[in-house]
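Every heavy atom of this structure was used, including side-chain atoms; hydrogens, water molecules and symmetry mates were not.
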Amino acid sequence: LCVFLTAFFASKVKYESKHCDGKGFQRQGSSAFDRVYTANQNCGHSYPTFLAVLWCAGLLCSQAPAAFAGLMYLFVRQKYFVGYLGERTQSTPGYLFGKRIILFLFLMSVAGILNYYLIFFFGSDFEMYIKTMTSAISPLLLIP
C-alpha cells in the first residue's frame, strides 16, 4: 500500500511537471508544481521513520494495533498530500494527525523494549497488559 501511495504522489508530480513551462526545477511562477513537489518530498522524507517505528512496534509490542496505526498513517499522509495541493493550511490537520500516530507507534516500541528489560532483569512479564492497553488505545487514534 505504501508503494502505491508513493507512486500516486510521483504521478501527481509528473502531471504537474508536464503542465508547467520551463526546464528542470527552475520553473518560474508555477506554484502548483512547487506545492506538489514539496508535498511529495515531505511524504518521501517521512517514510523511513514511519517504517522503522512501525516495524519496531509490531515486533516488540503488538502486531494488530501497529498494523491499524500503520494503515491510519497511510490514509493521513494521503490527506496531508491532498491538503497540501490546496492551501498550505489545509495540510496542517493531516500533519498533526500523522505526528500523533508516529508518537503512538514510538511509545509502543518503547513499551516493548521496557517489557523485554523487565523480563531480563526482574522476571516480570507485562506483555499481556501492554497488548491490552495498546489494543484499547489504538481506536482512539480515529479521534481527530
Side-chain angles (χ1 to χ4, degrees), residues 1-20 23-27 30-144:
L1 190 57
C2 184
V3 172
F4 292 121
L5 198 59
T6 304
F8 170 73
F9 295 161
S11 70
K12 287 296 231 182
V13 172
K14 181 180 174 184
Y15 175 78
E16 284 298 328
S17 176
K18 286 183 178 182
H19 289 85
C20 294
K23 304 263 188 246
F25 291 109
Q26 303 300 327
R27 293 174 173 84
S30 174
S31 64
F33 175 77
D34 291 338
R35 285 194 309 262
V36 170
Y37 182 75
T38 303
N40 183 38
Q41 290 298 312
N42 291 346
C43 290
H45 291 165
S46 68
Y47 279 128
T49 304
F50 161 67
L51 292 175
V53 295
L54 177 67
W55 181 76
C56 289
L59 183 68
L60 300 172
C61 192
S62 181
Q63 293 177 359
F68 176 73
L71 287 174
M72 289 298 302
Y73 184 78
L74 292 178
F75 289 124
V76 164
R77 283 321 259 185
Q78 171 67 18
K79 179 178 177 164
Y80 170 79
F81 187 82
V82 171
Y84 212 96
L85 296 181
E87 294 180 25
R88 291 179 192 240
T89 57
Q90 293 175 341
S91 66
T92 304
Y95 173 74
L96 296 175
F97 201 32
K99 279 179 49 177
R100 187 170 63 182
I101 293 172
I102 291 290
L103 177 65
F104 174 72
L105 290 170
F106 176 74
L107 291 176
M108 282 181 63
S109 301
V110 169
I113 291 169
L114 288 176
N115 187 49
Y116 172 78
Y117 282 114
L118 285 173
I119 293 169
F120 186 75
F121 289 118
F122 302 111
S124 300
D125 188 9
F126 293 101
E127 183 178 5
M128 290 305 297
Y129 297 114
I130 293 171
K131 285 184 178 183
T132 303
M133 284 180 26
T134 56
S135 296
I137 292 173
S138 63
L140 296 177
L141 292 174
L142 294 173
I143 299 172

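- Across all non-hydrogen atoms, the minimal contact from Pro65 to Met108 is CB-CE, 4.1 Å.
- Leu114 contributes atom CG, which lies 11.0 Å from atom CD1 of Ile119 (distance to the nearest 0.5 angstrom).
- Scanning for side chain to side chain contact (heavy atoms under 4.5 Å, CB included) contacts around Tyr95 gives Tyr80, Lys99, with sequence neighbours left out.
- Looking at every heavy atom in both residues, Ser138 comes nearest to Ser135 through OG-O, 3.3 Å.
- Nearest heavy atom pair, residue Gly98 against residue Tyr73, reads O-CE1, 3.7 Å.
- Taking NZ from Lys131 and CD from Gln63, the interatomic distance works out to 7.5 Å, rounded to the nearest 0.5 Å.
- The heavy-atom pair separating Cys61 from Ile130 by the smallest distance is SG-CG2, 3.2 Å.
- What you find for Ser109 and Val53 is that their closest heavy atoms are OG-O, 3.6 Å.
- In Met72, the CE atom is crowded: over 12 heavy atoms of neighbouring residues, nucleotides or ligands sit closer than 6.0 Å.
- For the pair Phe50 and Leu105, the minimum side-chain heavy-atom distance is below 4.5 Å.
- Taking the side chain to side chain contact (heavy atoms under 4.5 Å, CB included) definition, one finds that Leu118 meets it with Phe122, Phe126, sequence neighbours left out.
- With a 4.5 Å cut-off on side-chain heavy atoms, Leu60 and Tyr116 do not count as touching.
- Rounded to the nearest 0.5 Å, atoms CG (Leu96) and CD1 (Ile101) are 11.5 Å apart.
- The minimum heavy-atom distance between Val76 and Gly94, with the atom names listed, is CG1-O, 2.9 Å.
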